[in-house]
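Just so you know, these numbers come straight off a predicted model, no measurement behind them. Letters A, B, ... mirror the listed sequences (proteins, then strands); counts begin at 1. Side-chain atoms are counted along with the backbone in the values below, which use heavy atoms only and exclude waters and symmetry mates.
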Amino acid sequence: MSVNYSIPRGTYDILPETSYKWQYVLKTFQETAKLFNFKEIVTPIFEKADLFERSVGDTSDIVEKEMYKFNDKKGRKFALRPEGTAPVIRSFVENNLGFSGNLCRLFYSGPMFRYDRPQKGRYRQFYQYGIEAIGSNHPYIDAEVIAFADTFLRNLGLKNYNLEINSVGCSICTQDYDLALKEYFSPHFDELCPDCKKRMGKNPKRLLDCKVKSCQSIAKNAPSMIAYLDEDCRTHFEQVKFYLDKMGIVYKVNDRIVRGLDYYTNTAFEFLNNNLGAQNALLGGGRYNGLVKQIGGKETPGVGFAGGIERLLLSLEQEELFCGKNSIPEIFFITLGKNAQIKGVELIAKLRNMGISIVTEIEKESMKSQMKAANKSNALFAIIIGEEELSNNELVLKDLQVGNQKMIAFKDIGEIKEIIDKAK
RNA sequence: GUGGUUGUAGUUCAAUCGGUAGAGCACUGGAUUGUGGUUCCAGGCGUUGGGGGUUCAAGUCCCCUCAUCCACCCCA
């Protein structure tokens with residue numbers, strides 16, 4: 001119980017009995033990516049700190065108080081990545097991935113790091129999966145990215161989720177809207193919570209998102225972003241909805257969705273699961289038309305999403321969906337006596353070379369303890385050899401589910417593969 | 001960063017007013033010595049998360065600390 005070195009706060013080990021669930025989720029994600037023709041990109045776990053400071057926004061909470069920052073031996077400032085989009089865009093720019101002229105479709109997954117207070121569905125090291133479609137401002141692409149997310153969740157078997165969308169406009173509409181919000185909220189300034197008072201100056205849109213009741217009741221009648229969209233942004237939003245309708249994807253417009261990262265423009269969306277507790281956002285994303293240029297590339301539009309695997313697993317558990325299976329051996333090899341054990345070593349190697357998954361417990365000696373171990377391993381068959389079998393040059397193959405067994409000559413072990421395949 | 005909650009065996013949990021730390025499950029071995037899952041029997045000295053204090057005596061009371069879980073906040 002007492003351990004000298006314990007795991008850091010807000011992190012966790014993925015233990016052998018649950019790792020297969022992760023594999024199942026990631027495999028489903030990769031299959032969905034194939035369906036939409038997105039290709040994998042892998043970027044480092046740390047980047048220069050200012051990549052995030054500039055793109056995610058230096059007033060955002062993520063940058064302001066949640067980044068794991070450190071200096072290397074030469075004093076360079078780095079940060080453990082708190083999110084996946086900025087690094088992908090950095091790589092896109094650095095490797096000129098837009099060279100073909102086609103839309104660049106990328107997917108990624110891996111650990112992200114944020115110094116948050118741990119909570120249900122929230123960790124300091126957490127695993128995100130996400131996609132980015134870079135190089136088009138066509139509203140169909142927004143809809144396709146949303147369709148990707150929807151397909152993925154459906155492929156996992158999930159049902160208890162819903163989609164909310166909004167448009168936060170471009171930088172020009174945002175300016176107008178921010179002014180309108182300030183105008184609306186300033187008569188109520190004294191009634192706002194301390195956080196919202198700060199938000200007024202920096203990012204008035206965040207006032208809409210406040211969970212404090214008194215703020216909510218003030219915000220209830222605040223002007224809607226959608227009313228302040230300019231011509232282009234409004235049609236863009238209408239078109240996204242049009243394509244979603246065509247695809248048969250159900251959504252709700254929620255003009256209160258505000259993304260916490262500064263780079264978002266136009267379309268913003270969230271897939272929510274309201275049975276998850278406070279951390280109910282399963283997956284979130286949107287468009288980021290200014291980001292590529294900001295990071296140093298040519299002006300290039302983009303859209304994408306990211307989600308957390310932990311919350312997916314919570315949802316899967318809640319809906320009691322089977323997430324694949326842990327691997328089980330095909331054969332458990334039992335030996336009785338020294339000579340049999342030596343012969344066993346030889347046979348096990350041969351059987352593995354035939355592609356049979358096989359396991360033995362070399363420390364256990366009695367028939368009983370080995371049979372118990374075989375049972376616990378969930379193996380399909382047991383092979384048993386002892387002195388008697390050795391002298392007859394044969395082995396016992398026992399079906400552990402049915403319980404019957406047959407003799408097989410050593411020279412005929414090729415048959416075993418067929419018997420196993422038939423049994424499956 | 002702020003609240004609250006919990007921390008006892010591998011695990012889930014007991015332990016009355018402060019008075020010898022205990023059970024289920026799991027695990028290991030055994031039941032005429034070469035056949036599993038059921039049954040029966042046997043096997044527990046654990047820094048009671050860690051440190052300090054009060055007391056004749058602390059798992060229990062007090063302080064500090066670490067961690068868990070939940071919520072705020074934030075977001076995926």
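Here the C1' atom of nucleotide B:G29 and the NZ atom of A:K364 are 12 Å apart, to the nearest Å. Going from atom CZ of A:F332 over to atom P of B:U35 covers 16 Å, rounded to whole Å. In this structure, A:D116 atom CG and B:C70 atom C1' are separated by 15 Å, rounded to whole Å. B:C69 atom P lies 11 Å from atom CG of A:L314, rounded to whole Å. Residue A:E361 contributes atom CD, which lies 13 Å from atom C1' of B:U28 at whole-angstrom precision. Atom CZ of A:R117 and atom P of B:U2 are 7 Å apart (whole Å). Per the geometry, CD belonging to A:Q370 stands 15 Å off P belonging to B:G37, to the nearest Å. If you take CD of A:Q279 and P of B:C75, they are 10 Å apart, rounded to a whole angstrom.
A salt bridge does not link A:E389 with A:K343: none of the charged nitrogens is closer than 4.0 Å to a carboxylate oxygen. In summary, A:D142 and A:R287 engage in a salt bridge, as defined by a charged side-chain N under 4.0 Å from a carboxylate O.
Side-chain atoms of A:R122 come within donor-acceptor range of the base of B:C73, with a qualifying N/O pair under 3.5 Å. Judged by distance alone, with hydrogens and angles left aside, A:E66 brings no side-chain donor or acceptor close enough to the base of B:C73 to form a pair under 3.5 Å. Counting distance only, with no hydrogens placed and no angle test, the side-chain atoms of A:R311 and the base atoms of B:C75 include a donor-acceptor pair under 3.5 Å.
Of the listed nucleotides (B:G1, B:A76, B:U35), B:U35 has the atom at the smallest distance from the side chain of A:K398. Side chain of A:K376, nearest nucleotide from B:A76, B:C27, B:G36: B:C27. Looking at the side chain of A:A281, the nearest of the listed nucleotides B:C75, B:A71, B:G37 is B:C75.
Exactly one of A:I348, A:I384, A:L390, A:I385 qualifies for a side chain to side chain contact (heavy atoms under 4.5 Å, CB included) with A:T335. That residue is A:I385. Residue A:F152 forms a ring pair (Phe, Tyr, Trp, His ring centres under 6.0 Å) with just one option from A:F36, A:Y129, A:F305, A:F271, and that option is A:Y129.
Contacts of A:K65 with the nucleic acid, taken as non-hydrogen atoms under 4.0 Å apart, are absent. When heavy atoms are screened at a 4.0 angstrom cut-off, A:E387 is found touching base atoms of the nucleic acid. Base contact: A:E389 has a heavy atom under 4.0 Å from a base atom. Among the protein residues, A:G10 comes within range of the sugar-phosphate backbone only, with heavy atoms under 4.0 Å from sugar or phosphate atoms but none that close to a base. Using a 4.0 Å heavy-atom cutoff across all strands shown, A:R9 reaches sugar-phosphate atoms only and no base atom. Counting any heavy atom pair closer than 4.0 Å across all strands shown, A:Y123 reaches a base atom. Base contact: A:E388 has a heavy atom under 4.0 Å from a base atom. Residue-level contact check: A:A374 touches neither bases nor backbone, having no heavy atom under 4.0 Å from any strand. Counting any heavy atom pair closer than 4.0 Å across all strands shown, A:G403 reaches a base atom. Residue contacts for A:G121: at a heavy-atom cut-off of 4.0 Å it reaches a base atom on one of the strands shown. If you check every strand for non-hydrogen atoms under 4.0 Å, A:L282 touches sugar and phosphate atoms only. Residue contacts shown for A:I384 include a base, since a base heavy atom lies under 4.0 Å away. Base contact: A:L336 has a heavy atom under 4.0 Å from a base atom.
Using P as the reference atom, B:C25 and B:G43 are 15 Å apart when rounded to the nearest Å. Taking the C1' atom of each, B:U60 and B:G30 are spaced 40 Å apart, rounded to whole Å. Remark: the separation of the P atoms in B:A67 and B:G50 is 15 Å, to the nearest Å. Look at the P atom in both B:U12 and B:C69: the space between them is 13 Å, to the nearest Å. Nucleotides B:C41 and B:U5, compared at atom C1', are 42 Å apart to the nearest Å. Rounded to whole Å, the separation between the P atoms of B:C64 and B:G3 comes to 12 Å. With C1' as the reference atom, B:C27 and B:G44 are 12 Å apart, rounded to whole Å. On the P atoms, B:G49 is 40 Å away from B:A31, given to the nearest whole Å.
In this structure, A:Q405 does not reach the B:U35 phosphate: none of its side-chain N or O atoms is under 4.0 Å from OP1 or OP2. Taking only side-chain nitrogens and oxygens, A:Q119 never comes nearer than 4.0 Å to OP1 or OP2 of B:C70.
Applying the ring pair (Phe, Tyr, Trp, His ring centres under 6.0 Å) test to residues at least two apart or on different chains, the pairs with a partner in residues 41-60 of chain A are A:F46-A:F70, A:F46-A:F78.
Residues A:D150 and A:Y161 bring a donor and an acceptor atom of their side chains to less than 3.5 Å of each other. Judged by distance alone, the side chains of A:Q294 and A:R54 never bring a donor and an acceptor atom under 3.5 Å apart.
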Inset, instruction - Return one dot-bracket line describing RNA chain B 5' to 3' (Watson-Crick or G-U wobble pairs, both distances under 3.5 Å; ( ) same strand, [ ] crossing, | another strand, . none). - result: ((((.((..((((.....[..)))).(((((.......))))).....(((((..]....))))))).))))....

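Mapping A:L261 and A:K120 onto RNA chain B by nearest heavy atom places A:K120 at the nucleotide closer to the 5' end. The residue among A:I309 and A:M367 whose nearest nucleotide of RNA chain B lies closer to the 5′ end is A:M367.
Evaluation of the side-chain hydrogen bond (donor to acceptor under 3.5 Å, both in side chains) rule for A:N266 yields no partner, not counting sequence neighbours. Not counting sequence neighbours, the partners of A:Y115 by the side chain to side chain contact (heavy atoms under 4.5 Å, CB included) test are A:Y68, A:R124. With sequence neighbours excluded, the residues forming a side-chain hydrogen bond (donor to acceptor under 3.5 Å, both in side chains) with A:R105 are A:E144, listed by chain and number. Under the ring pair (Phe, Tyr, Trp, His ring centres under 6.0 Å) criterion, A:Y251 pairs with no residue at all, not counting sequence neighbours. A:N275 meets the side-chain hydrogen bond (donor to acceptor under 3.5 Å, both in side chains) test with no other residue; sequence neighbours excluded. Listed by chain and residue number, nothing satisfies the side-chain hydrogen bond (donor to acceptor under 3.5 Å, both in side chains) test with A:K398 (two or more places apart in sequence, or in another chain).
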What protein N or O atoms touch nucleotides 39-43 of chain B N or O atoms at under 3.5 angstrom, if any, and at what distances?
none

